[in-house]
Amino acid sequence: MSNPKVRRRPELLPADENDFAGAVLEGLSKPSKTLPCRFFYDARGSELFEEITRLPEYYPTRTEAAIFDANAAEIVNGVPDGGVLVEFGSGSSLKTEILLRQLPRLGAYVSIDVSDSALSDATARLAARFPTLDVRPIVGDFSYPVALPPDLAGRHKTGFFPGSTIGNLTPVEAVRLLRVFRSVMSPGGRLIVGVDLKKDARKLVLAYNDAAGVTAAFNLNLLVRINREFGGTFDLDAFRHEAIYKPREGRIEMHIESLQDQTVSVSGRRIRFRAGERIHTENSYKYSIAQFQELARSADWQPRRVWTDADNLFSVHELISR
Ligand code: AVJ
């Protein structure tokens, strides 16, 4: 039963199934085949991602949470009483609780996510844990400028974008998104962003190709979705998951590789695959602290404090709107 508090902004939502159908046929008809990573997150995909965050090889989620645990008081001390915390892609809002516990006099928490069900569940949980907190969930796509509730206009705003989701975007797209956030936060906003750091390539590849094969299942789940939703004839055993690190671009690339010459039917369209041919599904860019600060400046944000873990695996950045 969806939560009546959740405000829907259908005009801000990416088209639904048609969007997926269109992206699948368009992506698989390209010379270099692609499938957008935003379609990973159906119910099974979201479950698999939660499982990934608990894997020994996948360090980002627990490392970022530890950085928040260790520095929460400092991170929140820029939030004035009555201020507003705005989270982009809030999902479960689990990490957010670490900050909310330090913000007893927060004016409001605006959670933005495309998933109605994730927002409803999180809103109900937060209402129980923080009975006095004014939670304002908005169903919408944060890559568009989301209009905040008018009664919060003029309040000081702190944006929150954890998880290194910014890594899924190319640097040019990341600058565009940071500009969108700036327009939502201004005047004079502040932004807290989680950014995965560059490191030894072996550690990176293992984080995206774990021994238990959970990330492989997460990636190949895209083919399961296509079979279920568009009558696809993908034989999962004839494809395999792959994660490679491209040092020059500074990114992990995930691909699905065809193990043989084969033809697959999708929505009645025949798609040919050569043995060794790949479908690109996700980029995860990694930055040095200086590189990310440079990127933030080019989006007219002023880098301020940075928090990292002792092993410099992950970073949390504070950006101030000029
Ligand atoms: C949720 C996008 C941050 O890129 O590290 C995890 C998704 N992909 N394992 C990431 C993901 C493969 C994750 N983000």
Side-chain angles (χ1 to χ4, degrees), residues 14 34-68 87-96 112-115 118 122 141-143 160-171 173-174 177-178 181 192-225 240-246 249-257 278-287 292 295 309 313-317:
T34 65
L35 288 171
C37 60
R38 70 176 182 279
F39 297 113
F40 281 144
Y41 303 95
D42 63 346
R44 178 71 184 132
S46 300
E47 266 169 29
L48 285 164
F49 177 63
E50 286 310 312
E51 216 178 310
I52 287 172
T53 63
R54 296 189 292 272
L55 290 170
E57 297 97 331
Y58 191 77
Y59 59 84
T61 308
R62 73 175 70 86
T63 308
E64 184 180 41
I67 292 170
F68 286 135
E87 183 168 1
F88 301 98
S90 54
S92 65
S93 296
L94 275 170
K95 248 176 257 171
T96 329
I112 303 167
D113 201 281
V114 284
S115 163
D141 177 341
F142 60 70
S143 53
F160 187 45
F161 193 47
S164 197
T165 302
I166 196 146
N168 279 153
L169 304 172
T170 64
E173 292 165 342
L177 184 66
L178 289 175
F181 289 172
I192 303 290
V193 189
V195 179
D196 195 13
L197 293 172
K198 281 188 172 155
K199 54 185 65 63
D200 171 62
R202 278 167 309 193
K203 187 169 181 69
L204 283 171
V205 169
L206 272 178
Y208 292 85
N209 200 0
D210 57 279
V214 181
T215 311
F218 174 70
N219 196 9
L220 294 169
N221 180 56
L222 274 173
L223 305 185
V224 175
R225 267 199 86 173
R240 79 183 177 94
H241 163 69
E242 194 184 45
I244 48 179
Y245 181 60
K246 294 267 183 85
E249 292 84 355
R251 69 180 184 224
I252 280 277
E253 293 181 2
M254 291 211 310
H255 296 263
I256 295 174
E257 183 176 322
R278 294 182 183 141
I279 307 168
H280 173 262
T281 55
E282 186 182 54
N283 286 327
S284 262
Y285 282 85
K286 312 301 174 184
Y287 294 90
F292 185 74
L295 185 137
D309 57 298
L313 298 177
F314 201 92
S315 60
V316 173
H317 296 249

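Computed from heavy atoms alone, side chains included, the values below leave out hydrogens, waters and symmetry copies. Every number for a ligand or one of its atoms is a count from 1 in the order of the listing.
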Under 3.5 Å: N/O of [X] near N/O of ligand 1:
| X | answer |
| --- | --- |
| Thr165 | no |
| Tyr208 | yes |
| Glu282 | yes |

Original post:
Between Phe314 and Tyr59, is the gap from one ring center to the other below 6.0 Å?
Top reply: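 Between Tyr59 and Phe314, which both carry aromatic rings, the centre distance is not below 6.0 Å.
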**OP:** Would you please indicate yes or no on a ring centroid separation below 6.0 angstrom for Phe160 and Phe181?
**Re:**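 For Phe181 and Phe160, the ring centres are not under 6.0 Å apart.
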Hey, is [X] touching ligand 1 through its side chain, its backbone, both or neither, going by heavy atoms under 4.0 Å?
| X | result |
| --- | --- |
| Phe218 | side chain |
| Ser164 | backbone |
| Tyr41 | side chain |

Subject >> Spatial distance of atom CG (Leu204) from atom CD1 (Ile244) [nearest 0.5 Å] >> reply: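 If I round to the nearest 0.5 Å, the distance is 13.0 Å.
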**OP:** For Phe40 and Met254, run side chain to side chain contact (heavy atoms under 4.5 Å, CB included): C-alpha distance rounded to whole Å, both residues' side-chain angles, the deciding distance at 0.1 Å, then the answer.
**Re:** CA-CA 12 Å; Phe40 281 144; Met254 291 211 310; 3.6 Å; yes
For ligand 1, which atoms, with element, lie under 4.0 Å from some heavy atom of [X]?
| X | answer |
| --- | --- |
| Tyr58 | 3 (C), 5 (O), 6 (C), 9 (N), 10 (C), 13 (C) |
| Ser284 | 4 (O), 5 (O), 10 (C) |
| Asn168 | 2 (C), 4 (O) |

Subject >> Nearest-neighbour protein heavy atom for atom 1 (C) of ligand 1, which is reported as residue plus atom name and distance >> reply: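 Result: Phe49 CZ, 3.6 Å.
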**OP:** Ignoring hydrogens and angles, state whether a donor on the side chain of Asn219 or Thr281 is under 3.5 Å from an acceptor on the partner side chain.
**Re:**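 Yes - a donor-acceptor pair under 3.5 Å links their side chains.
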Original post:
Under 3.5 Å, is there a donor-acceptor pair linking the side chains of Ser115 and Asp113?
Top reply: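 No - no donor-acceptor pair under 3.5 Å links their side chains.
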Subject >> Closest heavy-atom pair and its distance - Gly194, Glu64 >> reply: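 Residues Gly194 and Glu64, closest heavy atoms: CA-OE2, 3.3 Å.
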**OP:** Flag the pair Tyr58 / Glu51 as yes when at least one side-chain heavy-atom distance between them is below 4.5 Å, and no otherwise.
**Re:**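 Side-chain contact under 4.5 Å: no.
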**OP:** May I ask which of Pro162, Gly163, Gly194, Ala243 has a heavy atom nearer to atom 3 (C) of ligand 1 than the others do?
**Re:**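 Considering heavy atoms of Pro162, Gly163, Gly194, Ala243, the nearest to atom 3 (C) of ligand 1 sits in Gly163.
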